[in-house]
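Only one structure is covered here, and it is reproduced in the block below.
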Amino acid sequence: MTMFDVSLILALFLCSLVAGFLFAFAVVAMPGIKSLENAEYIRAFQAMDGVIQNNQPFFVVVWLGSIVAIIAAAVLGLFHLDAANKALLLAAAAAYMLAVQMPTFRINIPLNNQIQSVDTASLSEAATREARQVFEPRWNRWNNVRTVVACFVVASLIVVLYRM
């Protein structure tokens, strides 16, 4: 087994975990808290996000590891794959970085930080509602984009692995 094989399998495994995490938020966590009152919704999201923000070690290893693994697989794939598989792997890696990771760091994490700073106990209902309205639609929209692209990436990595 070559370093490329290891990096591709590791990228597939870690990106699958990330896709599953995003999918769970898209279809379970966020719809589950949607019916809560504004202050409860914000506190629920703060609690879930707080686990991540406290550098939950498994989450950090999976999330950052997926970035390292897919970049390594893409670079090593340049020397190990035919043109079609090379193109598919490079497209998957680019999509992962541009449409999963970049929105995470530029949109979702800043929104997470913004909602973490909301003190629902000291705000009026109107201010709490506004905080939620600023957060929820944009966060969900970009999480849905990340979910779809992450699933495309995983499917692409499976195809590359299968065709090797």
Side-chain angles (χ1 to χ4, degrees), residues 1-34 42 44-117 134-164:
M1 189 174 279
T2 67
M3 285 298 293
F4 169 67
D5 297 333
V6 171
S7 67
L8 181 60
I9 292 167
L10 190 58
L12 175 57
F13 175 68
L14 295 173
C15 289
S16 295
L17 291 175
V18 170
F21 174 80
L22 297 171
F23 179 79
F25 258 82
V27 302
V28 177
M30 299 310 279
I33 66 173
K34 182 179 183 163
I42 291 169
F45 189 88
Q46 287 170 334
M48 290 185 292
D49 182 56
V51 173
I52 297 166
Q53 292 219 13
N54 286 330
N55 292 317
Q56 206 291 338
F58 293 121
F59 179 84
V60 172
V61 167
V62 167
W63 198 275
L64 297 179
S66 72
I67 296 169
V68 172
I70 200 161
I71 291 171
V75 170
L76 293 171
L78 294 173
F79 306 102
H80 289 87
L81 295 173
D82 62 26
N85 282 329
K86 196 180 301 185
L88 183 57
L89 179 55
L90 291 174
Y96 191 71
M97 297 308 294
L98 296 173
V100 176
Q101 294 300 331
M102 190 167 66
T104 296
F105 289 101
R106 293 186 51 93
I107 298 166
N108 292 86
I109 290 174
L111 286 170
N112 294 358
N113 293 338
Q114 182 180 359
I115 206 74
Q116 282 293 349
S117 69
V134 166
F135 172 82
E136 186 177 21
R138 188 166 187 226
W139 195 96
N140 285 334
R141 182 173 44 256
W142 280 101
N143 190 63
N144 290 339
V145 168
R146 297 183 308 159
T147 301
V148 168
V149 173
C151 290
F152 158 78
V153 167
V154 168
S156 298
L157 295 177
I158 290 169
V159 168
V160 170
L161 185 62
Y162 177 76
R163 296 194 313 200
M164 285 181 26

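Being a predicted model, the structure only gives us computed values, none of them experimental. Side chains are part of it too, since the values below use all heavy atoms of this structure and drop only hydrogens, waters and symmetry mates.
- Between Asp49 and Ile115 there is no side-chain heavy-atom pair separated by less than 4.5 Å.
- Pairing each heavy atom of Val51 with each of Gln56, the nearest pair is O-CB, 3.4 Å.
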Item to complete: Applying side chain to side chain contact (heavy atoms under 4.5 Å, CB included), run through Met97 and Ile71 and close with a yes or a no.
Response: CA-CA 9 Å; Met97 297 308 294; Ile71 291 171; 4.1 Å; yes
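- Rounding to the nearest 0.5 angstrom, the gap separating the SG atom in Cys15 from the CG atom in Leu10 is 9.0 Å.
- For the pair Trp142/Val145, a side-chain contact is recorded, criterion being any heavy-atom separation below 4.5 Å from C-beta on.
- Applying the side-chain contact (heavy atoms from CB on, under 4.5 Å) test between Leu17 and each of Val62, Val154, Leu12, Leu22 identifies Val62 as the sole match.
- Atom CD of Gln101 sits about 3.5 Å away from atom CD1 of Ile67, to the nearest 0.5 Å.
- Between Phe4 and Leu81, some side-chain heavy-atom pair lies under the 4.5 Å cut-off.
- Using modelled atom types, one finds a donor on one side chain and an acceptor on the other under 3.5 Å when comparing Asn143 with Arg146.
- Looking only at side-chain heavy atoms (C-beta outward), Leu89 and Leu8 come within less than 4.5 Å of each other.
- The 12-atom threshold is exceeded at CZ of Phe21, counting heavy atoms of other residues, nucleotides or ligands nearer than 6.0 Å.
- For the pair Leu157 and Ile70, the minimum side-chain heavy-atom distance is below 4.5 Å.
- Across all their heavy atoms, Ala29 and Met48 have their closest contact at CB-SD, 4.1 Å.
- Annotation: the span from His80 atom NE2 to Met3 atom CE amounts to 10.0 Å, rounded to 0.5 Å.
- Side-chain atoms of Lys34 and Asn140, non-hydrogen and from C-beta on, never get closer than 4.5 Å to each other.
- Note that CD1 of Ile42 and CD of Gln116 are 11.0 Å apart. Values are rounded to the nearest 0.5 Å.
- Looking at every heavy atom in both residues, Ala74 comes nearest to Ala93 through CB-CB, 3.8 Å.
- Across every non-hydrogen atom of Phe105 and Pro110, the tightest pair is O-CD, 3.4 Å.
- Checked by atom type and distance alone, the side chain of Asp5 pairs as donor or acceptor with a backbone atom of Thr2 at under 3.5 Å.
- Taking each heavy atom of Leu14 and Ala69 in turn, the nearest pair found is CD1-CB, 4.3 Å.
- In plain terms, the two heavy atoms of Ala19 and Ala150 that are nearest each other are CB-CB, 3.7 Å.
- Residues Val18 and Val153 have side chains not in contact (no heavy-atom distance under 4.5 Å, counting atoms from C-beta outward).
- The number of heavy-atom neighbours closer than 6.0 Å to CH2 of Trp63, taken from other residues, nucleotides and ligands shown, is above 12.
- Remark: Met164 CE is packed, more than 12 non-hydrogen atoms of other residues, nucleotides or ligands lying under 6.0 Å away.
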Item to complete: Could you walk me through whether Leu78 and Leu90 pass the side chain to side chain contact (heavy atoms under 4.5 Å, CB included) test, one step at a time?
Response: CA-CA 9 Å; Leu78 294 173; Leu90 291 174; 3.7 Å; yes
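- Enclosure of atom CZ in Phe13 is not indicated, since only 12 or fewer non-hydrogen atoms of other residues, nucleotides or ligands lie within 6.0 angstrom.
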